[in-house]
Amino acid sequence: MQSELSHSDMLQGTHIIGFPHLPYRLSRLSGILMHWLFVLCIAVILLSACDSGNKKETKDKAISMLNQTSKQKDYKRMLALADSLGQAEVLNEGESYYWQGLAYYHMMQVRTAEFCWKKAISAVDMSEDETDLATYARSASYMTSLHIRYLNFASALKVAKTALDHLDLHHHTSSSDYTNLLIFEGCCQAHFNSQDPMVNTIFERAYQRHIDNISQDHAKTSYRDAVVGIINIAYGWLGEKQYEKGLLWIDRLGKIVAEYRQYYADDEAYIDKQWARYQIFMAVGMEGIGQKKKAADAFATYQQTHFAHTPEGKLDASDYLEMTGNWNEAAHNLDYLDEFLAINQAGSSLEDIQRYLLKKYQVNIMAQHIDSANAVANKICERLDSAIIKSQWADAEEQETIRQKEEQIMEQQQHMSRTRIAVLIGAIIVLSIFFSVFNILRHRADKRLAEVRAAKERMESELNIARDIQMSMVPNDFPDYPCLDMFASMTPAREVGGDLYSFLLKDDTLYFCVGDVSGKGVPASLFMAQATRLFHSMAESNTSPAQICTSMNSELSGEDNQQGMFVTMFVGRLDLKQHMLEFCNAGHNPPVLSNTDGQFTFLEMEPNAPIGLWPGLEYVGQQLSLCKGQLMLLYTDGLNEAEDPQQAQFGEDRIVELLASLSSKNCQDIIETLKTNVTSFRDGAEPNDDLTMLCMKLS
């Protein structure tokens, strides 16, 4: 289930960054023609102003043109028009920057949008004019929602509180933007402390404003503003799992929608959509407080709406289905995700991957739709690298846009300074030049420092998203089999890594593997994901470990592997009834195995090359009969080659000694103790490699 803002604001205007050197001359000619077109538009507006002599009428025509471009989703035209109207002084500086920010927002250039809204607020900050206060409120409202959308609640709360104090000071408190700011402030406060009584006070204040607006004229816009506000409050409480508080607002939503139906019964599509949202919210809230029968009834009513059968409606329903454990139905609903993303021209950004594709993968895993989950995982792998690159290009494009905006502002300021300087005496000229140069240098230094910090923060945010995606693909629910104790752990040295482990239990047969991809970072993580997918695909077809390694090598080596990457792997197939282990080692560290006397030794194995180096290899497998009570540990180089500050290694002898002292423990305790010992051994030194361990014991 998404908030009122998320579907329309996040997906609308998503753009694909292309190759900058393709139709350069054609785009430049198009840009020149567009420039003169807008010059003509401005001329028409100015001539109209001269004819009528009415400045307000001129501005109204300009605002009408901007609203028309917004309805047509022609945001590039809106941007150029807002800039031209500002330069022609039809719009003041604050209004021009507000509309430019709105255009950039819809084009998903959110940092540039925030830059413009900050400029708009700064331009009207000292004004008491009602039009300027309205511009201030709109810009602050959009900027706050932008911070909330990207979960930056601290910044959102700061913007909202500052804006509300400013608007209260100037008694500009009747607009819908003021009410939105109240709701945003309440949502931020609830995020930090949901028990704070001030939160309910803020929400009730906003709600009463909506009710007062409705009671004045029962206008469509008043009802719709109230619906949006109440949905955001209800969604916020449900998101914080405060279901009883959420149900209060859900009930109010139902009453507002029912009242809207009485006045505007012919608005069937809108009523159906909002009534559907009321029902799905009610289903989630009732399920949250344990009222399963009422929740089911609400969901059944939701299913009767037209909205429920749209791609967006099916996506909303998946949250309730996940809560109730109806994974198969949730997975079926998410089959419409591709249609939803196609309609909204989305699905290729990091945010889309995390919000939508990862959710679809997890639901299919829970529904045990392995083929579908593998297909989604493959789609994630295909899009992840290009999404990161595209995000970096988008950041560079926004930085360049902001830089050009800064230069444009600086040029305007310099021009104004030169005009003033022309009438000043020589001493003032020298002093003005001195301070101008000083301010320019300081501004540039501050801007460079801010850009470096922003770039670092963006990279860290992108890598954290990639890490979350990668870690979600590693299984954490281990087989529940009577005679088997099993546990595994993976800790990347960086944000993303190249280690892997996986397993598949089919009846009485357990397939498992541990691997280490050459290199680190994003390339290694993508290669790791591909290797994991291939392992699952081969294991599903009951292939022997040697055949799995041979087939994986055929897929991962050759001309497609331009980077020369490879992976060392230990692949095993264990018959849990007969305790017979078949395995194939592809250049990986030998596992540690206990014998019947409780002693630990390294398993002797046939040598095989790592997977991905040379095509055409035939891998050799082996067999081993295991006894009850035997323990096996598989690991990567991050264990035995872990280094302390003096670069001494953890070593294989220390592994054997620790396992001998831990043999009576369960597998999870063994791995957690090994991790603790490695961390203590490093003594503050940075990990030099990913650390992955898989332990199993037969009973």
Side-chain angles (χ1 to χ4, degrees), residues 5-18 20 27 30-31 34-35 38 62-63 65-87 91-124 135-150 152 155-156 159 177 180 344-346 348-352 390-410 412 447 450-451 454-455 457-458 461:
L5 293 175
S6 60
H7 284 314
S8 60
D9 288 350
M10 182 187 68
L11 296 175
Q12 185 170 299
T14 300
H15 64 285
I16 305 300
I17 296 178
S27 64
S30 175
M34 185 66 71
H35 170 77
F38 283 111
I63 298 298
M65 290 176 64
L66 289 166
N67 282 322
Q68 189 64 29
T69 58
S70 179
K71 291 179 181 179
Q72 296 170 351
K73 299 183 179 181
D74 191 353
Y75 301 120
K76 289 186 177 180
R77 182 166 175 255
M78 179 197 289
L79 177 63
L81 185 58
D83 187 36
S84 299
L85 289 167
Q87 293 184 34
L91 301 178
N92 65 31
E93 184 182 7
E95 292 169 322
S96 176
Y97 273 120
Y98 162 75
W99 284 101
Q100 290 181 60
L102 190 60
Y104 280 120
Y105 178 80
H106 285 301
M107 293 190 293
M108 298 301 292
Q109 298 185 34
V110 294
R111 294 176 184 86
T112 314
E114 182 183 13
F115 169 85
C116 290
W117 287 327
K118 284 182 177 179
K119 288 294 182 183
I121 290 172
S122 177
V124 300
T135 299
Y136 183 105
R138 284 196 299 268
S139 300
S141 177
Y142 267 100
M143 192 157 62
T144 305
S145 70
L146 187 65
H147 286 300
I148 291 176
R149 172 181 164 185
Y150 288 95
N152 193 348
S155 295
V159 174
D177 293 303
N180 288 338
N344 292 281
Q345 298 179 348
S348 59
S349 69
L350 285 172
E351 186 179 357
D352 295 340
K390 185 174 70 175
S391 177
Q392 292 170 343
W393 284 0
D395 287 345
E397 181 179 337
E398 287 204 65
Q399 288 177 16
E400 177 61 17
T401 301
I402 293 173
R403 186 190 67 79
Q404 291 176 359
K405 286 285 183 184
E406 290 282 8
E407 288 183 353
Q408 181 183 1
I409 295 169
M410 197 175 299
Q412 293 172 352
K447 185 177 72 172
E451 288 174 351
E457 291 173 358
R458 284 192 295 273
S461 175

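For reference, positions follow the sequence shown, starting with 1. Every value quoted in this text rests on a predicted model; they were computed, and no experiment measured them.
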To the nearest 0.5 Å, how far apart are [atom1] in [X] and [atom2] in [Y]?
{"X": "E114", "Y": "S155", "atom1": "CD", "atom2": "OG", "answer": "7.5 Å"}
{"X": "R77", "Y": "L66", "atom1": "CZ", "atom2": "CG", "answer": "9.0 Å"}
{"X": "L91", "Y": "Y98", "atom1": "CG", "atom2": "OH", "answer": "12.0 Å"}
{"X": "M78", "Y": "Q68", "atom1": "CE", "atom2": "CD", "answer": "10.5 Å"}
{"X": "L79", "Y": "T69", "atom1": "CG", "atom2": "OG1", "answer": "10.0 Å"}

What residues form a side-chain contact (heavy atoms from CB on, under 4.5 Å) with A156, not counting sequence neighbours?
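So A156 forms a side-chain contact (heavy atoms from CB on, under 4.5 Å) with T144, H147, I148, C188.
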
Can you check whether [X] reaches [Y] side chain to side chain, under 4.5 Å on heavy atoms?
{"X": "Y142", "Y": "D177", "value": "no"}
{"X": "R138", "Y": "L102", "value": "no"}
{"X": "K119", "Y": "Q100", "value": "no"}
{"X": "Y97", "Y": "W117", "value": "no"}

Minimum-distance pair of heavy atoms, taken over all atoms of [X] and [Y]:
{"X": "V159", "Y": "M143", "answer": "CG1-CE, 3.8 Å"}
{"X": "G101", "Y": "A113", "answer": "O-CB, 3.4 Å"}
{"X": "A82", "Y": "S96", "answer": "O-OG, 2.9 Å"}
{"X": "L85", "Y": "A62", "answer": "CD1-CB, 3.7 Å"}

Partners passing side-chain hydrogen bond (donor to acceptor under 3.5 Å, both in side chains) against [X] (at least two apart in sequence or in another chain):
{"X": "S122", "answer": "none"}
{"X": "N92", "answer": "D132"}
{"X": "D74", "answer": "none"}
{"X": "S141", "answer": "none"}

